[in-house]
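Positions are given from 1 along the sequence.
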Amino acid sequence: MKINRILLIFALFLLIVSSVSAQEGTNPPPPKPTPKPTIQEPSTSKLEYLQQNTEVPREKREQAYVKLFEGQRYLSTIRSQAGVAAGIRMAKESFQTAVELDPTLAEGYTALADLTYNSPQGDIDEAIRLATIAVKINPDNFGGHQWLARFYTIKSLTNRGIIDKANTQKAIEEWKQVVRLDPRNAEGFAFLSDFYDKTNQTKEKIAALQNWLSSAQPIDSRFYTRIMGQQEDLSPESALVKLGAALVKEGETREAVEILSRAVADNPGNEEAIELLSRAIESADDKTSAMAVESLQQAIFANPENVALVTLLAQIQSKSGNIDDAAKLLRNSVAKLAEKNKVSAANLQLTLGDIYIEVDRYDEAVAVYKNALPILGIENNEIITDTERDYAAIIFEKMIKAYKNANRPNDAKKVIEQAGLLFGKDDLFADKQLVALYRETGQKAEALQTVRAARLQLPNDYELLRLEAEILTENGKVDEGVGLLKALIGKKENGNPNGRNPLIQYDDFTNYLYISNLYSQANRGKEAIEAANQALTTAKGEDRKLVAKLTMATAQQMSGDYQAAEQNLREILKQSPDNPIALNNLGYFLLERNEKINEALELIQKAVNISPNNPSFLDSLGWAYFKLNKLAEAEKYLKSAARLDSTSSTILEHLGDVYQKQAKTELAKETWRKALKISSEKEGTMRLKMKLGEKITK
């Protein structure tokens, strides 16, 4: 192959180099007193003349190669930091002499390019110039194309999360030359797949990943990890997972499941592959799911204690209607893990409860959840550790939600009381759950009374304070609620001294955001915009400014400035194209205006792909399908959203609308009544009453 030209010539001239070395002695000769000037690029006409009309005399060619290998020898004999400068200088002079003796020696220019970039005073532009000379002399010079590909990759700024378009295109062209000359070059296909991804060339990206998968794993991947991050590698497994992710993104479900099942079978510990496979199976048909089941069963046989694999297989079986098979798998796994790993066993127990919830088997779900407590060694009225308390809170929350979904608020209240007995009076878990229950059942006065009683216990708990502000707003007292938050402006506290979640921020920036949201909730757009502007003014860092702009877009929409809201959201997506909140908000904004429904669906689908368990995103997706009259899909996503968030009157109203259009009249009315109980927004309340045929009072 042409890429091995230098190796073949090396063998041919080995004796020449050896004889020169013997004559000159074992030590390199002293450097010449006057350094050579910078190599100038031979003109195109001179190169064509030299390449086509004359031959460099054999003697000069031999001397040129001797100098080429001599330069390599200088670099390889550097043994200390002190010798670096001298070694580089001598090597450079040898390489320069080589190309002077033979101006058509492409390898000489490649060696100079390598040396120029990797020297202590590396000059990437000069290195690009020298490598360009090499590929002009010989278009099949592998080293020249590889160095140009790497140099342009660096200049593309891809490792900084941004793209320099001109250098990106140059990098793509050079990596294409690399894989032309070496069709199994993993580095080339890996970088091409990344650049195609960033330039939205989907088909080319998938083809590059497929070629990477069949490439030879290189010995040296230092440049790739330097650019892409130390967590990345050029292994076939990495290519397999990235190919699976690309196929999931493009909706190629069958191919994605096939690829990711293979990845999971090869490495059952690959959590990313398991998560991607789970997402792919959500939209898979029965035949494709069966293929995944077979692969997972094999993987579980070899790794019976892998909780992620067991969970995924159980979820697939449940989705296929094989609830009993899923339950059997989970119960057997819980029994095996109960002694070895209590936490993993308890997590599988909760998964079983979640599966029962999906099919509305609420009593069985609650019983399963409750049995997770003794698995963890937690019994009623026992003193428990902080870790045990956090697990117990998750379990109680699931039990409470199960009864809420079953429309059994009294049973939910009993579970809340049990949690209060276990956690003690100083723990506010039960208080907050009771407040949420009152809000969801439309008992707004009781909710306010309960949160105020809790605040008497912990007056400095800012989370409770914000909760009171929300409830006041729901009760039509937004100014009183905002007043609580405005009292915090200017305070130095940056945490929550009495709360259990120290990660939540309570500084001026977040308080202004919260105030803006309260005003938006009360349909007071002007004040919402003012608060969002104040948040933007106090924001430090691009991430916070982005959040403030998102809040501003919501406020603009509430104030009726639809053009500014849409422009704001589109600007955010230019800056951060994968921001799920911006994707969802713009999509829902278009839906509400009955504009560009297909674009709205695409935007929301992207948001759901990024955050598949976000109830607001699922609500938007269900509503998009409703607008497109795809009622089965609409019901599916809206029911999922309602299970995840039973406090949203909007989600319940949307679900009721779907039922009504499906001619499920009684179910629609029942769902609208639930929405009406928790509705806090005047227009929404009036709208729901009209749907229910109730009398509207001013």
After noting the C-alpha distance and the side-chain angles of Glu566 and Gln556, does the key distance pass the side-chain contact (heavy atoms from CB on, under 4.5 Å) rule? CA-CA 9 Å; Glu566 181 176 353; Gln556 289 167 332; over 6 Å; no
Is a side-chain N or O of [X] found less than 3.5 angstrom from the main chain of [Y], in a donor-acceptor match?
| X | Y | result |
| --- | --- | --- |
| Ser576 | Ile572 | no |
| Asn475 | Lys477 | no |
| Arg643 | Glu358 | yes |
| Tyr369 | Asp354 | yes |
| Thr473 | Ala469 | yes |
| Asn609 | Gln605 | yes |
| Ser611 | Val608 | no |
| Lys627 | Gly622 | no |
| Asp645 | Pro615 | no |
| Ser156 | Thr153 | yes |

Within this structure, what is the [atom1]-[atom2] distance for the pair [X] and [Y], rounded to the nearest 0.5 Å?
| X | Y | atom1 | atom2 | result |
| --- | --- | --- | --- | --- |
| Leu485 | Leu472 | CG | CG | 10.0 Å |
| Asp390 | Phe429 | CG | CZ | 10.5 Å |
| Ser620 | Leu590 | OG | CG | 11.0 Å |
| Asn405 | Ile400 | CG | CD1 | 12.0 Å |
| Thr551 | Tyr512 | OG1 | OH | 14.5 Å |
| Thr168 | Leu157 | OG1 | CG | 8.0 Å |

May I ask you to test the [X]-[Y] pair for a side-chain heavy-atom distance under 4.5 Å?
| X | Y | result |
| --- | --- | --- |
| Glu635 | Tyr659 | yes |
| Tyr625 | Leu601 | yes |
| Gln575 | Lys549 | yes |
| Arg466 | Asn511 | yes |
| Thr311 | Gln315 | yes |
| Leu591 | Ile604 | yes |
| Lys432 | Glu463 | yes |
| Glu232 | Lys242 | yes |

Side-chain ion pair, [X] and [Y], N-O less than 4.0 Å:
| X | Y | value |
| --- | --- | --- |
| Arg524 | Glu530 | no |
| Glu440 | Lys674 | no |
| Glu670 | Lys677 | no |

As a quick check of understanding, evaluate side-chain contact (heavy atoms from CB on, under 4.5 Å) for Asp194 and Ile227, giving each step before the final call. CA-CA 11 Å; Asp194 183 67; Ile227 297 297; over 6 Å; no
Which heavy atom of [X] sits nearest to which heavy atom of [Y], and what is that distance?
| X | Y | value |
| --- | --- | --- |
| Phe589 | Ala565 | CE1-CB, 4.2 Å |
| Thr202 | Glu250 | CG2-CD, 3.0 Å |
| Ala528 | Ser520 | CB-OG, 3.4 Å |
| Thr441 | Gln443 | OG1-OE1, 2.9 Å |
| Ile357 | Ala402 | CD1-CB, 3.5 Å |
| Leu518 | Val478 | O-CG2, 3.9 Å |

Could you give me the CA-CA distance, side-chain angles and deciding distance for Ile416 and Leu437, then say whether side-chain contact (heavy atoms from CB on, under 4.5 Å) is met? CA-CA 10 Å; Ile416 293 171; Leu437 180 63; 4.1 Å; yes
Aromatic Phe509 / basic Lys540 pairing, under 6.0 angstrom, 45° off normal: no
Does Arg408 count as lying over the ring of Tyr362, i.e. NZ or CZ under 6.0 Å from the six-ring centre, within 45 degrees of the axis? no
Taking [atom1] in [X] as the centre, count heavy atoms belonging to other residues, nucleotides or ligands within less than 6.0 Å. Is the count above 12?
| X | atom1 | answer |
| --- | --- | --- |
| Lys526 | NZ | no |
| Asp543 | CG | no |
| Lys606 | NZ | no |
| Gln449 | CD | no |
| Glu271 | CD | no |
| Gln563 | CD | no |

Under a plain distance cut-off of 3.5 Å, with no hydrogens placed, do Glu592 and Trp623 share a side-chain donor-acceptor pair? yes
Side chains of Thr510 and Asp507 only: does a donor on one sit below 3.5 Å from an acceptor on the other? yes
Step by step, work out the salt bridge (Lys or Arg N to Asp or Glu O under 4.0 Å) result for Glu633 and Lys639. CA-CA 10 Å; Glu633 291 92 339; Lys639 284 176 74 174; over 6 Å; no
Determine, step by step, whether Lys205 and Asn200 satisfy the side-chain contact (heavy atoms from CB on, under 4.5 Å) criterion, reporting the C-alpha distance in whole Å, the side-chain angles of both residues, the deciding distance to 0.1 Å, and the verdict. CA-CA 8 Å; Lys205 173 189 173 182; Asn200 298 315; over 6 Å; no
Assess whether salt bridge (Lys or Arg N to Asp or Glu O under 4.0 Å) is satisfied between Glu204 and Lys198, documenting all intermediate values. CA-CA 11 Å; Glu204 291 83 353; Lys198 289 183 169 65; over 6 Å; no
